[in-house]
Amino acid sequence: MFQRHGDNPILTARDWPYPAHTVFNAGACQSGDKTVLFVRVEDRRGHSHLTVARSSDGVSNWRIDSKPSFPPDPANYSEEEWGVEDARVTWVDEDRSQWIIAYTAFSHSGPLVSLAGTTDFVSFSRLGAVMPPEDKDAAVFPCRFGNRYAMIHRPVSAGSSGAHIWLSFSPDLIHWGEHQLLLHARRGAWWDANRIGLGPPPLETPDGWLILYHGVRVTAGGCLYRLGLALLDLEDPRRVLRRSDEWVFAPETPYERQGDVNGVVFPCGWILDKPTGKIRLYYGGADTCLALATAQLSDVLGYLRTCRAPRAGKREDIALLDE
Ligand code: BMA
């Protein structure tokens with residue numbers, strides 16, 4: 001379904017205008033005639049910041065900011081002490097007319113979810129930490145549901161049986177509640193056993209909100225990060241309509257299998273070109289480089305129509321954990 005671009009990896013640390021150890025896990029959006037990537041850059045201390053790269057074709061001739069566009073600001077936001085990572089970018093039109101960036105702030109107490117807004121990817125206004133640690137893999141929906149914003153995220157609690165994907169609501173993007181389990185990590189031998197997390201922000205399609213998520217399989221040789229699909233009800237995103245049993249994308253090429261963390265494909269951004277129905281998926285390869293894969297939305301939705309609908313009712317879905 002997802003075809004790797006022939007020029008992969010499309011960005012590496014060698015392309016960077018200043019010293020960088022690795023560049024990976026980028027948020028993505030189309031801003032006017034430019035594709036904008038909000039790239040995670042890890043420096044040689046091991047700390048990450050976010051830097052903007054712009055391109056007209058989304059593949060080549062990237063114009064990269066000459067210094068970090070969004071460095072951590074621990075003096076004012078102590079939760080950013082060890083860096084900022086893995087941004088997901090959503091255009092929120094209603095009431096806001098700005099890009100809302102959900103990112104991971106790496107605090108002394110663990111990773112947590114922070115939000116920031118921007119209209120131009122030049123200046124940013126932080127909304128601060130919105131979820132306590134440990135929590136990451138968050139993205140805001142582009143619209144409100146009954147006047148409430150919605151956000152997907154992945155909390156982890158000590159003693160829990162796994163790390164699952166949750167959904168929360170907010171009147172103002174700052175105060176979040178109505179927390180509920182949305183997708184559970186399966187157990188046992190499944191590719192998405194024990195730990196899952198959202199990839200790019202939910203994508204609105206005629207069939208529902210398209211969700212791409214990663215599942216982490218712990219093996220004797222290390223972790224394997226692979227990707228699966230789900231579909232949420234357009235009006236009520238608490239309802240899961242479909243979920244793939246199989247993964248649809250997995251580390252195969254050398255730049256996905258070998259790097260700082262072997263065996264990782266980690267997408268944080270995708271862009272749908274509405275006229276052609278083509279999705280461009282931007283993903284980190286092995287925590288080292290940035291790569292691109294494309295798919296036709298109609299193929300993805302056609303595949304999801306063959307996938308099962310989770311059993312009705314949230315409670316029964318949770319009960320699946322014990323199957
Ligand atoms: C996750 C995140 C990602 C990273 C992945 C694989 O927990 O930290 O940024 O790509 O692990 O190392």
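Counting starts at 1 for both ligands and their atoms, in listed order. From a predicted model like this one, the values you see are computed outputs, not experimental measurements.
Note on residues 289-306: pairs passing side-chain hydrogen bond (donor to acceptor under 3.5 Å, both in side chains), not counting sequence neighbours, are Asp207-Arg305.
The contact shell of ligand 1, taken as protein residues with any non-hydrogen atom closer than 4.0 angstrom, comprises Asn25, Arg40, Asp86, Lys136, Tyr225, Val261, Val264, Phe266, Asp287.
Side-chain contact between Pro72 and Phe106 is absent, with no heavy atoms from C-beta onward closer than 4.5 Å.
In summary, the aromatic rings of Phe24 and Trp16 are positioned with their centroids too far apart to meet the 6.0 Å limit. For Phe38 and Phe124, the ring centers sit closer than 6.0 Å to each other.
For the side-chain hydrogen bond (donor to acceptor under 3.5 Å, both in side chains) with Tyr213, the lone residue among Arg154, Arg243, Arg226 that qualifies is Arg243.
Using bins of under 30°, 30° to 60° and over 60° for the plane-to-plane angle, the ring pair Trp91/Trp99 lands in the perpendicular bin.
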